[in-house]
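Step one of this worksheet: look at the structure below.
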Amino acid sequence: MSDVAPRDFIRQIIHEDLESGKHDEIVTRFPPEPNGYLHVGHVMSICLNFGVGQETNGRTFLRFDDTNPGKEREEYVRAIEYDVHWLGFDWGERLTHASDYFDQIYSAAEKLVEMGVAYVDSLSADEIREHRGTLTEAGRNSPYRERSVDENLDLFRRMRKGEFADGEHVLRAKIDMASPNMNLRDPALYRIRHIDHQRTADKWCIYPMYDFAHTMSDAFEGITHSLCTLEFEDHRPLYDWFLDQLNPPHRPRQIEFSRLNLAYTITSKRKLNMLIDNGVVAGWDDPRMPTIAGMRRRGYPAAALREFVRRGGVTKKDKLIEMGVLENCIREQLGESAERRMGVLRPLKVVLTNYPEDKVEMMQAMNHPNNADLGTREMPFSRELWIEQDDFLEEAPRKFFRLKPGGEVRLRFGYIIRCDEVVRNAAGDVVELRCSYDPDTRSGTGSSDKKVKGTIHWVSATHGVRASVRLYDRLFTEPDPNSVEDFLSVLNPDSLETVDAILEPALRDLQQSQAVQFERLGYFCADSAEHTADAPVINRIVTLRDSWAKIERQAMSSSALS
RNA sequence: UGGGGCGUAGCCAAGUGGUAAGGCAUCGGGUUUUGAUCCCGUGUACCGCAGGUUCGAAUCCUGCCGCCCCAGCCA
């Protein structure tokens, strides 16, 4: 176990359990229900459970909590396995399902019946709800609560044989209908469901409830620390009750931590589904989705996600983490690894009037400013170029270091140019800049020691590659969309903008999912589903930090004040 | 109004009775052919509030306030 690893309260407990000799080996599990796709919130649970396993040289199970057939599908199982692997974790031989233990769980239930602490109730679901009482009023015992062990056993076995219809009976724990903890008011253990299970087919027509199945599965697998989110805190007494009654050889301990909430996003399965159904996003792996599949397609590196949840920490306090933390993790990761390229998102034509018509020079461009090992590439330079519309301003403020009429700017890895003339169309829009270049300023070899304040990116017009670039932004305009009555009313209308961009020729080799930095703009990656060499589709992963935008903002607010 | 949790700077978060780490953000400055990166510097945190114990309290006690979770035959 690393001493420099951050010590959260859970790792402290685990450390103590190892020190005291309570456990020789730590065993954890990540137990998703295969009824949907994994999202950022799950990333935290995955990193915690598998992280603890790795750090302590213990074991971690990937267990599918598949106790509710009908809602669960093998499609999700495969997607979840893929996501966990992609995140960088390996469960080895420890891939299990709650359904693997259906026989053992059933035996445990029979044992509870024999012990007289579980009974078959024949009240309807509605009646059971009525008997449960409320948060402030005690519940009432079911009239079937005092059935004999023999009758209960007979009924339970017949439930299993399929003699009853769905909802006719339910197996309940006999605990305390007056407990202030609702979970202890005779919780259901088994319900009848005549429906095929994705793995056990029609072998069963009764299925165990979460609390019972989960506790038993943990015990069977020898889980030492069963880590889950805060909303299960109230379930712990029930978890412990099962263990007290059945006293299995291994006694797991449940510990709860708070969920990780990301600002400007939602993770509710229901709401995420609505985004898809309403056509707000294209699907579960839309690059704007907070699903692992969406983030992967967006181009977020797995290492960035791991670092993000590490920074979030493990506590019991409700948290809403700012987007900036995630973005910073992504930039940190990509800044080091992604090669640099040039692309112009919103092209503005520049004609170098003093540059020969058919001349082409190859400019040497570094693939990474801080890592020469990544090498160089050549960028063709010619008379007609594209530059970014944002890099030209006719009436520029003093602090604007880019191109302006009569002003000079450096073309990165190229020459310094001066804007001599602005060409407009009939509508008065600037459509072309006529500039002249200074032959003595060629990057690297220039004889001039002229310095200019600004450097901008560019692409040769005759060599540029057209590409569809998708500029993604947050899906919501509210930091906490969950706190809003109608979360669809705070959608960000600009969460996706598609532009026809022009990329430098070297980008022709970009492979699906490959990430690069477009200098001065941000990190981008070729879409893993739609990108081809002939019809490039590029996703913006995240922008670069932009202190010019900040200066502009400040200028705006100060002029607004004056 | 019952029960279970949580409250340390804008957002996270260390801290476990000895006088408030760190990260992100912010704001300054330096380097820079990415206004990126990098580097330096930058915070009066009434430690939710009020009392109490103590030589000494974010840490212990009492009361209060605020927020979250629980009434599925979902997980």
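Numbered from 1 within each chain, the chains take letters A, B, ... in sequence-line order.
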Hey, does [X] reach any base, or is it just sugar-phosphate, or nothing, if we go heavy atoms under 4.0 Å?
X	value
A/Gln12	base
A/Lys453	nothing
A/Met209	sugar-phosphate
A/Gly454	nothing
A/Gly167	base

Distance-only donor-acceptor test (3.5 Å): side chain [X], base [N]:
X	N	result
A/Arg410	B/U33	yes
A/Asp234	B/G3	yes
A/Glu137	B/G2	no

- Query: How far does NZ of A/Lys450 sit from CD of A/Glu408, to the nearest 0.5 angstrom?
  - Reply: 3.5 Å

- Could you check A/Trp204, A/Phe102, A/Phe64 and say which one makes a ring pair (Phe, Tyr, Trp, His ring centres under 6.0 Å) with A/His197? A/Phe102

- Of A/Tyr207, A/Phe156, A/Phe212, A/Tyr101, which is the lone residue that meets ring pair (Phe, Tyr, Trp, His ring centres under 6.0 Å) with A/Tyr106? A/Phe156

- Note on the structure: B/G72 glycosidic conformation (syn if within 90° of 0, otherwise anti) is syn

- Item | Sub-4.5 Å side-chain heavy-atom contact between A/Gln254 and A/Thr215 | no

